[in-house]
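Notes follow the structure.
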There are 2 protein chains.
Amino acid sequence: MKITIDHLDKEFQHKKVLQGIDLSFEEGKIYGLLGRNGAGKSTLLNIINNRLFPTNGTVVLDGKNVTDSEKVQNHFYLMSDENLYPSTLTIDAIYHLTEKFYGAFDWEFARELIRQFDVEPKDKFKKLSTGYRTIVKLIAALCVPSDFVFLDEPVLGLDANHRELFYSTLLAAYEKRQRTFVISTHLIEEVADLLEEVVIIDQGKVLRNCPTEEISGEGKTISGPTEAVEAFASGMKILGKETLGGLTSIYIAGNIDKPVPDNLRVTPLTLQAYFIQLTNKGEES
Amino acid sequence: MKITIDHLDKEFQHKKVLQGIDLSFEEGKIYGLLGRNGAGKSTLLNIINNRLFPTNGTVVLDGKNVTDSEKVQNHFYLMSDENLYPSTLTIDAIYHLTEKFYGAFDWEFARELIRQFDVEPKDKFKKLSTGYRTIVKLIAALCVPSDFVFLDEPVLGLDANHRELFYSTLLAAYEKRQRTFVISTHLIEEVADLLEEVVIIDQGKVLRNCPTEEISGEGKTISGPTEAVEAFASGMKILGKETLGGLTSIYIAGNIDKPVPDNLRVTPLTLQAYFIQLTNKGEES
């Protein structure tokens, strides 16, 4: 099973939100869909999931057009900021409604997650905090039988512990049953280790579409005491810089062709550093 | 000017969401209001801002009860997930409406922020992405003349560049006119340097309420090559651990009373590490 997106455009009131998107999502892989605010990520996910019509182009699942077949849409699930059910429902009722639409809801897993995330199934959705609304939606997204699960900002409003719990839960769910997850998030560093493939979009266009490890091979992270790192990286193409507890990491493009001093560490480039450098181009500072 | 919260309780359907909250917010300071999902942060902010009634207790501004005086409420502004205006309005119309309610809207600053964040004032609010909805609300919160500005999850859905831009903008606004900001966020590490005072709540109770620097004095961060850090910290009270680019930071409680090897760095405890350790107690893992 494979989703193929071909020459997709979307205009809103003469504003080009998506321009010539060519992409594919394969079966059983975890993708990161990354982009700055307003890049077009949510628009793309909404078109794939038949909530918006494209201006031009097609989205096809194994030869069948996605935007005019309800049968095809049964393979897809989109978790997003929008709520498609009445917010006066209880959490329990929302999961029963989800089961009616998608079938084969994994109640055993749902009950486990309800306990781990400390959810009260009798609470009404509209009474929940931002963080708990996200948690309730995440549980649904992990328990539906869909082959393609799209998660638009899955950790919105989640505290650090709950974010960690979600990442490990996602991996556990994936190992139990391999399906495709497409994750759109702004907390790139936290999610980088989960992603097999990365799609970076900017101003409605695909800038990069490749395995995550390809990006980490394109540069290095040099870490150690600030002065030593800066002296060593001098003359290299510096992409970014970060400090933690008195130490500095500098991100550089390309490889290192001189001996590394004992007090420095050299590791692969991080996805977050690459992303910031790529999408920052031409920005006024 | 000072807000005094005294013996505040809030129950929803026999569930105690806030229990015996005693707190004060002074003029011209930047506070962090930290807590896990469901701790009661938003409920507290909604009571202070007269959107919810307390079950018991009082919120007083300079001797005047906050919950029964509209005049007093004019000193307060709450930016939160809820939208109090019709979402069919344009951004520009929302700012004009905000000016009608709060007076003396800082249009010059608003225009500067609209340019920096790349906002289109003629766009309708309901058509915006999650990130841009947050940006539009942030601009309003920074341009109202209120003496107390409460920001409930101010970076919800913002990309890394926009988060950085917001933090520097907040500081610039504060330097231009000192007022009180109370910031509730889950991205503690990013915001820690901005906070003068920290209030940590957990399960409806205040766990900690002190200057930020008091917390950083209660422990240390030891950073360096993983093996060396682990060997050195062995036998110490370890609060947490983090890695970045091949290096490890271990957070410990208390002071270090032995010589530090040359390849390690010792710096103050981070707020994030302290928070996680404090609010994790008793959690099943």
Side-chain angles (χ1 to χ4, degrees), chain A residues 12-13 15 34-39 41-43 80-81 115-118 120 127-135 152-153 155-163 186-189 221-225 242 244-247 249-251 262-263 265-268 270 272 275-276 279-280 283-284, chain B residues 12-13 15 34-39 41-43 80-81 115-118 120 127-135 152-153 155-163 186-189 221-225 242 244-247 249-251 262-263 265-268 270 272 275-276 279-280 283-284:
Chain A
F12 286 118
Q13 297 162 330
K15 198 179 158 190
L34 311 179
R36 295 203 48 191
N37 290 127
K41 305 179 297 297
S42 299
T43 302
S80 78
D81 194 36
R115 191 186 57 77
Q116 285 184 322
F117 281 98
D118 204 11
E120 181 43 72
K127 297 263 180 184
L128 300 176
S129 65
T130 309
Y132 266 97
R133 287 181 188 196
T134 298
I135 289 170
D152 194 2
E153 308 218 33
V155 297
L156 206 68
L158 259 55
D159 65 42
N161 293 67
H162 280 148
R163 295 201 300 274
H186 293 300
L187 300 184
I188 299 174
E189 212 168 303
T221 305
I222 307 163
S223 309
E242 230 179 325
L244 171 75
L247 293 158
S249 288
I250 284 183
Y251 306 103
D262 276 351
N263 60 342
R265 294 274 155 134
V266 174
T267 48
T270 70
Q272 162 99 349
F275 173 81
I276 288 184
T279 56
N280 239 346
E283 176 146 310
E284 304 166 77
Chain B
F12 287 117
Q13 298 163 328
K15 198 181 160 191
L34 310 179
R36 295 202 50 191
N37 290 126
K41 302 179 299 294
S42 298
T43 302
S80 78
D81 195 36
R115 190 187 57 78
Q116 285 184 322
F117 282 97
D118 205 12
E120 181 43 73
K127 295 263 180 185
L128 300 176
S129 66
T130 309
Y132 266 98
R133 287 181 188 196
T134 298
I135 288 170
D152 195 1
E153 309 217 33
V155 296
L156 206 69
L158 259 57
D159 66 42
N161 293 66
H162 280 148
R163 295 200 301 274
H186 292 299
L187 300 184
I188 299 175
E189 213 169 304
T221 304
I222 307 163
S223 308
E242 229 178 326
L244 171 75
L247 292 157
S249 288
I250 283 183
Y251 307 103
D262 277 352
N263 59 342
R265 293 272 155 135
V266 174
T267 48
T270 69
Q272 162 100 348
F275 173 82
I276 286 183
T279 56
N280 239 346
E283 176 146 309
E284 304 165 76

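None of the values given here were measured: they were computed from a predicted structure. No hydrogens, no waters, no symmetry mates; every other heavy atom, side chains included, goes into these values. Chain identifiers are assigned alphabetically (A, B, ...) following the order of the sequence lines, protein sequences preceding nucleic acid strands; residue numbering begins at 1 within each chain.
- Atoms NE2 and CZ, on B/His186 and A/Arg163 in that order, are 8.0 Å from each other to the nearest 0.5 Å.
- Proximity to chain B is limited to the side chain of A/Tyr251, based on heavy atoms less than 4.5 angstrom apart.
- With chain A as partner, the option from B/Gly38, B/Ser80, B/Ala39, B/Gly157 having the largest number of non-hydrogen pairs under 4.5 angstrom is B/Gly157.
- The CG atom of B/Asp81 sits 3.5 Å away from atom OG1 of A/Thr130, with the distance rounded to the nearest 0.5 Å.
- Top candidate by heavy-atom pairs under 4.5 Å with chain A, chosen from B/Lys41, B/His162, B/Lys127, is B/His162.
- Scanning both residues, A/Gly224 and B/Leu247, for their nearest heavy atoms gives N-CD1, 3.7 Å.
- Within the 4.5 angstrom heavy-atom criterion, no atom of A/Glu120 approaches chain B.
- The two residues A/Ala160 and B/Gln272 make their nearest non-hydrogen contact at CB-NE2, 4.1 Å.
- Of the listed residues (A/Ser129, A/Pro268, A/Pro225), the one with the most heavy-atom contacts under 4.5 Å to chain B is A/Pro225.
- For chain B, no part of A/Gln13 is nearby; none of its heavy atoms comes within less than 4.5 Å.
- Among A/Leu187, A/Asn263, A/Asp262, the residue making the largest number of heavy-atom pairs under 4.5 Å with chain B is A/Leu187.
- Atom CG in A/Asp159 sits 11.0 Å away from atom CG in B/Leu34 (nearest 0.5 Å).
- The main-chain N or O of A/Tyr132 is never found under 3.5 Å from a side-chain atom of B/Asn37 such that the two would form a donor-acceptor pair.
- For A/Ile188, no part sits under 4.5 Å from any heavy atom of chain B, backbone or side chain.
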